[in-house]
Protein chains: 4
Amino acid sequence: MAGNSFGTLFKITTFGESHGDAIGGVIDGVPPGVQLDLEQVAYQMSRRKPGQSAIVSQRKEDDHVDFHSGIFEGTTTGMPIGFSIKNNNQKSGDYSHIKDSFRPSHADFTYQKKYGIRDYRGGGRSSARETASWVVAGSIARQIIPKVKITAFVSSVGDIFIDKSYQALDFSLIESNPVRCPDIETAEKMETLIRQIRSEGDTIGGTITCVVQNVSAGLGEPVFDKLHAQLGKAMLSINAVKGFEFGSGFCGSRMRGSEHNDLFNQDGTTKSNLSGGIQGGISNGMDIYFRVAFKPVATIMKTQSTINTEGEIVEMQGRGRHDPCVVPRAVPIVEAMTAIVLADFDLLNKQYHL
Amino acid sequence: MAGNSFGTLFKITTFGESHGDAIGGVIDGVPPGVQLDLEQVAYQMSRRKPGQSAIVSQRKEDDHVDFHSGIFEGTTTGMPIGFSIKNNNQKSGDYSHIKDSFRPSHADFTYQKKYGIRDYRGGGRSSARETASWVVAGSIARQIIPKVKITAFVSSVGDIFIDKSYQALDFSLIESNPVRCPDIETAEKMETLIRQIRSEGDTIGGTITCVVQNVSAGLGEPVFDKLHAQLGKAMLSINAVKGFEFGSGFCGSRMRGSEHNDLFNQDGTTKSNLSGGIQGGISNGMDIYFRVAFKPVATIMKTQSTINTEGEIVEMQGRGRHDPCVVPRAVPIVEAMTAIVLADFDLLNKQYHL
Amino acid sequence: MAGNSFGTLFKITTFGESHGDAIGGVIDGVPPGVQLDLEQVAYQMSRRKPGQSAIVSQRKEDDHVDFHSGIFEGTTTGMPIGFSIKNNNQKSGDYSHIKDSFRPSHADFTYQKKYGIRDYRGGGRSSARETASWVVAGSIARQIIPKVKITAFVSSVGDIFIDKSYQALDFSLIESNPVRCPDIETAEKMETLIRQIRSEGDTIGGTITCVVQNVSAGLGEPVFDKLHAQLGKAMLSINAVKGFEFGSGFCGSRMRGSEHNDLFNQDGTTKSNLSGGIQGGISNGMDIYFRVAFKPVATIMKTQSTINTEGEIVEMQGRGRHDPCVVPRAVPIVEAMTAIVLADFDLLNKQYHL
Amino acid sequence: MAGNSFGTLFKITTFGESHGDAIGGVIDGVPPGVQLDLEQVAYQMSRRKPGQSAIVSQRKEDDHVDFHSGIFEGTTTGMPIGFSIKNNNQKSGDYSHIKDSFRPSHADFTYQKKYGIRDYRGGGRSSARETASWVVAGSIARQIIPKVKITAFVSSVGDIFIDKSYQALDFSLIESNPVRCPDIETAEKMETLIRQIRSEGDTIGGTITCVVQNVSAGLGEPVFDKLHAQLGKAMLSINAVKGFEFGSGFCGSRMRGSEHNDLFNQDGTTKSNLSGGIQGGISNGMDIYFRVAFKPVATIMKTQSTINTEGEIVEMQGRGRHDPCVVPRAVPIVEAMTAIVLADFDLLNKQYHL
């Protein structure tokens, strides 16, 4: 219960720090008989890894996944899938300047307060490196629910946002640009902004929208494990996330019931979908969609004042190869956590059918 | 794992439907030796109950809590606290018109799809009546962490919002008006709007802001049980909630790192608090604050078309005594779920100290 | 996690002390659509309750179960089933003599040490009264797995034991005598012994054997939630239990592999069944059988020396209406916990079938 | 929930099959600041590994543990400890004869029934190789509760048993002989018997007794997570275990209350200890002791008839390097699982102290 597991039946338990020899985990609850496409795992890992384009961190991480168990002759056996990813690129030297100082808006201070000890060589367990393991698990989760289509994309960077509903977008264009924004014109503006921000040694926030299609009605639990509550928890687990909304979201709080209610068609679909595909915590078969807000990365290449472990004010400047904007690389992470939540609810739902 | 429990060490498990004879639950993990102030429980229940003012549902619910166990001579014993609340005011006749029809944007349709059976006498388990049990548990949770001050208030109704930071507000005014808005001028506008909306047979959404003060640094887990992720899940469990943001929230996604970073003072406090009191999932000792978006109540007194269980289009009009705006009564629910999350993390944190 | 819940998908959470106003709990995970036979619940309760025969405790407990939720028009809805049982027969006066003293081999001392506080009016939460709630849950669990036949019986009292394999017994005779021993001649000896023990103000231990038939192959998890490990935990949760063995049990530790191995028939059944229906933690379709050891009840009507809360030696004599031998009334409790374990594994097993 | 995790706060999650490239797991909930003695881990691993003496399996397993996380400069950080152990000695050829046949009294048949697929190269996940990971976790658990002394030893092999109470034994002699029996004369008889059994191509069962000293009063939960119930579950999780008893155990079922009750001394200790150090599920500060029954290993070097996946009767003879008697190597496994249970309850107990 120290917070390193996620899920109930489909459950991942992870370990590892950014500067240890490896990260990895155990994926439990994968049903037997699933013929795994491990190239899909590698593909998703390539979408997350640093160095994939000019606008993300230029760290070199190979991110090869070693699977140790639970797969026999290419097929899942129902046994837990243990995996690890070597940290080939630990450069502890890069981080020595932060050994005794707390970086502003990082977890350095809170870890020190909570644990009384801290692996000062980097973000340790709070590093986004951890999310590589989530992408592994998410890639496998997707293969348990192959009919479900999960599509995330960057919907805003700073003040630049897509001014269209998701239905008006061509998802096939998401991977056509390094920002992962399906609206090409907007993508170009976003990329320009990110390059400018980086040249200033600064960082910028953004949002990701995720659309989940072909979810059958009935997933989610009614009271404390509502589908959207678990999705929200999953998203809020991702580094740098500050907000989550689904369906009409915060805009919905400004609406009237007569505008907001989704009226039924005769076949049980709804004419509008402000509910975001979820009513009473349970999927209704319409598209699920939600939006996730990411703050700007805290590590900036500008000089900031901060305190050290002695409580003295010191100057600090970010080093290393950090992302000027985290959202392009967070797209596969959002999708992975979504897949994990949905696979888990799919398995949980089987208990209701004697 | 059917979604009726919340929490790890401080854990509530609830039961009950709006039209059964009682609702209630079990509060497990309450440490022994806490002298309970049961009047506090009654007070919080009175803040949640219908009929408390002219702008909320006029249902009469007494909401007396019967405690069955875990308290001996006024003090907790470490044993689970079982409690129940009688449903004195079930008027099944009120709901007969919805036996065979699915109310738009309610859980009727999704329950039917998930379970193949549905207690058609009302919202059943999806009714906000359930939250009465949460307020009981939250009132007890607060008494486990007496130093922590949890304050929620209505920050917007429809397009009317408080245009001040929470630091500029006088929290002692929250209970001075039926909206539970500490800015009196804004509260009056909100009340006027709610009365107008109700007179039209319509409903309106709103937001609640919650501020948590005097939380010690170190609460929350770093990876999958981040403090804000669990708070988000708790809030998204509340009926009608569509969004959650903490600290800078969605606004933070438009900012630069150089603006957003919270620089330290020498004593470990921070000059700004865009982090919202949480860094890397762990409290840093600053105020925690977050905002919760509620959609407009789906039951409106206007005629809507919908479908029945035969898949036929039928006309339907809301009946009964529903809230025109849910946020005034949701304030104590937000506080209760916040208290439950914090009490649980407080207990969990003890394991780190050998 | 304070130990008041049992099970994963089919899960019970209980509350209540022997001298509070009620005990009860929440049964979560009952699939929807089960037409419940509540007379079966009442029947099982009648098998557990005191006063049912001359050789058990003469306390009067009505043990009427009030169901509050989760059942609609006689059928389960998939919602949690909340229930309570009033404690009509609390005679606190009976227990005043133990307010300040620790009864030998009771939980008085350990509760005081653990919690620093103790409801001195009786056994509190350590009372076997708690098991009434388990019988409720077990009676419902049985109805989820109607094909499975669970039969427990008293196999020994003190030195008197049934000297036959269970296959040689007529289970229809179990309820024919107050001891619940299907071997009539042995039952008579046991009854005589219990009466004699009681007349001496003493108590005596015994064992219960449980046979589970018609379990399909495949229930149980391979590593940490082995079917027999969870059954063992369930049995060891029952008050006064000191040991558990299944299949060949302790005798098996004296055997050779060539004797002990269960050779297969062509249809996958086995010629012998020393495995007790479980191999590698998973049911193989053969009968599951196990044996549970109960110590003698600690409350005796003889004078014993003990200590009080001041650490002084004092004399104490049991009062009240206690069982001279616990096993006859423990038979339905063993069956109930067995049913709970099997229903849970039955639900868990559905996740393996995509 | 697929059964690969054990524990609540101190929790291990494991993966791996006997013939994969590695086994391993994640140990979560280790408090920060524990200076780990990794030589202790290696020592315990050496007690479990094959080839350590002439009377155990002659497989060569190096069993070197690679720790990947959670330890920084020799001290635990509060982060999960990921570890792996390479399977250097997989000889898949050894097992090809069992690809299509079900070994009697193994898990081959039940795995096939449950999962519809099976890693036929060996025991897979049901192999006792898995217990190497438990010994790693147990070695770390011990270092969380350094005052607690856990001592297991072989108390019987076949019909040969130690005819003394544990108090009369010199535990320092346990490691003096390959059987791990502290009574030297008995140890010699046991060793002779095991050698003889092996020469016949047969196997033999046995029992292990475990004594836990210096446990403070108050560990364990009163109802469903009783200390002895969780110990029982832990022991019954070990391969080949058929029974568990603590304190007076099965013998206690033959006793009278007047004999069985443990009378108090003035200091709260008890004159006798038939309770086995646990009353009402909670430790009372006296020695905890229990006994675990192991069946004979199912793999024998004699020809047996069995069935294949086609349902045909076939002849089969065990191959490979199996243990003639499992108990000598199971001693450190019993200790490891005991340590895991106690460390978990020790952490859980902190929540009761505000």
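Letters A, B, ... mirror the listed sequences (proteins, then strands); counts begin at 1. These numbers come from the heavy atoms of this one structure, side chains and all, not from hydrogens, waters or symmetry mates.
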Part of B:Pro80 within contact of chain D (heavy atom distance under 4.5 Å): neither
Distance check, rounded to the nearest 0.5 Å: D:Gln351 atom CD versus B:Ile144 atom CD1? 9.5 Å
With a 4.5 Å heavy-atom cut-off, do D:Leu348 and B:Leu9 have their side chains touching? yes
